[in-house]
Number of protein chains: 2
Amino acid sequence: MSSKTRFVLLGLLQEQPLTGYEMKQLIDIRFRFFWNESFGQIYPELKSMEEDGLVVATDLSGARKQKRYAITKSGSRELKLWLASPNEKESIRIELLLKVYFAKYGSKDILASQIKQFKEAHHIDYSILTAFQEELRSIPDPENNHQDILRVIEFGLKTNEAYLSWCDDTIAYLEGTR
Amino acid sequence: MSSKTRFVLLGLLQEQPLTGYEMKQLIDIRFRFFWNESFGQIYPELKSMEEDGLVVATDLSGARKQKRYAITKSGSRELKLWLASPNEKESIRIELLLKVYFAKYGSKDILASQIKQFKEAHHIDYSILTAFQEELRSIPDPENNHQDILRVIEFGLKTNEAYLSWCDDTIAYLEGTR
DNA sequence: CGGCGCATGTAACTTGTTACATGATTCC
DNA sequence: GGAATCATGTAACAAGTTACATGCGCCG
């Protein structure tokens, strides 16, 4: 289970030079439903990537000591290599499902409220995804550059729809057995 | 992000006494689509749980040096406490989606084959879930003990259906743009 | 008698989170 | 001038994986 932080950052930099802070923001917004990275990973990783010659940093003078990173030829090569390499099994951990599995040892009411919370969180995800989708669709895209990203959004929409519908069924079940 | 290993094990032990090895097997089979634990977590955790008085071990003499753990009153209390406590945000990491997002920098053909692999893996998950569902339904359940577990299976089925349908759409899209 | 599955355990390592420190800029 | 946000970084810690060591029992 090797770290993928490096490749996420390279992927973002392939589009345009960015600061570590900006990359974190992009990951939080665009990848929120299937990926995350913390500053504690990003900054040290950028340093090590620079040492490996995959990126070059420019110290923005004047501005608030920000470092803008750009990808190098070598970095692009690494990115392509990773894109063609096999994927690791996705890792998923949903505490709520453990609690549903063990539901008979706990309170149905509390569980129902936990599911409602889960539902709300994913309803927000769903809204964000819908907004992002509309935004992308509203921008003219003659070269079909947005299609790939729209596929990712579609994944998020479909899985979140599944989540929401499961929540409704399960809340109904829990409240029906009171 | 505190570890939940302890509670998973307590939950399993609430049903019946088990060895570490058996718990690992149950987690691998029953929780495979939303949770995992390794021996490297399980054995040290069981030791620490015994020290905390949440479980008691019985050394099965004669048999191949196995230790069977049983939950204590104190352990049951801990389990109930956790069941009523708030959940951590679920963690999900899907490398494939990063690659779809960055698809324009790589090969469409390779990506399509990666998605096919993903699809196959989840088709297997789907089959396992269906089999487990049928098994549970075939066992008479006068006290509705299986209902909670069936809800968990339902979650797996719904999300996997979403995955599979997304795979088909996305493969079609990739192969259409060749 | 050899290989596989059962069974437990540990040590080294990698990965990831959190908390903290520092300081600039912007906006009210 | 104070709060929020921008911005970078590190150190301590927690969590999780992997590889290894050990040995029994069963089946062919």
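Lettering of chains follows the sequences in order, A, B, ..., and the numbering in each one begins at 1. No experiment lies behind these values; they were computed from the predicted model shown. Hydrogens, waters and symmetry mates play no part in the numbers below; they use all other heavy atoms, side chains included.
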Requested in this report: Figure out the NZ/P separation between B:Lys4 and D:dA14, and round it to whole Å.
Outcome: 14 Å

Report task. Would you mind reading off the distance between A:Leu9 atom CG and C:dT15 atom P, rounded to a whole angstrom? Result -> 14 Å

Query - Qualifying residues under side-chain hydrogen bond (donor to acceptor under 3.5 Å, both in side chains), relative to A:Gln117, sequence neighbours excluded - result: none

Query raised in the report: So, B:Glu22 and B:Arg68, do they make that salt bridge, N to O below 4.0 Å?
Result: yes

**Report entry** Aromatic contact, A:Phe34 with A:Phe155 (centres under 6.0 Å)
**Finding:** no

Report task. Measure from CZ on A:Phe7 to C1' on C:dT15 and round the result to the nearest Å. Result -> 15 Å

Query raised in the report: Taking atom types as modelled and ignoring hydrogens, do the side chains of A:Glu37 and A:Gln41 form a donor-acceptor contact shorter than 3.5 angstrom?
Result: yes

Query raised in the report: What integer distance in Å separates A:Met49:CE from D:dT8:P?
Result: 14 Å

Query raised in the report: Would you say A:Arg93 reaches D:dG16's phosphate, i.e. side-chain N/O to OP1/OP2 under 4.0 Å?
Result: yes

Query raised in the report: Are side-chain N/O atoms of A:Asp148 and B:Tyr173 paired as donor and acceptor at under 3.5 Å?
Result: yes

**Report entry** Summary of protein contacts for nucleotides 8-14 of chain C, nucleotide by nucleotide, where a base hit scores B, a sugar-phosphate-only hit scores S (4.0 Å, heavy atoms)
**Finding:** BBB----

Query raised in the report: Below 4.0 angstrom from OP1 or OP2 of C:dG16, is there any side-chain N or O of A:Ser38?
Result: no

**Report entry** Interatomic distance where CD1 belongs to B:Ile29 and C1' belongs to C:dG5 [whole Å]
**Finding:** 14 Å

Query raised in the report: Any side-chain N or O of A:Asn36 less than 4.0 Å from the OP1 or OP2 oxygen of C:dT17?
Result: yes

Query raised in the report: Rounded to whole angstrom units, what separation is found between the CZ atom of B:Arg6 and the P atom of D:dA14?
Result: 14 Å

Query raised in the report: Does a side chain donor of either A:Glu90 or B:His122 reach within less than 3.5 Å of an acceptor in the other side chain?
Result: yes

**Report entry** Any side-chain donor near an acceptor of the partner, A:Thr5 and A:Ser3, under 3.5 Å
**Finding:** yes

Requested in this report: Indicate, with a heavy-atom threshold strictly under 4.0 Å, whether A:Asp59 touches base, sugar-phosphate, or nothing.
Outcome: nothing

**Report entry** Atom pair distance, as rounded to whole Å: CD in A:Glu37 and P in D:dT8
**Finding:** 16 Å

Query raised in the report: Atom CG of B:Leu26 to atom C1' of C:dC6: distance rounded to whole Å?
Result: 15 Å

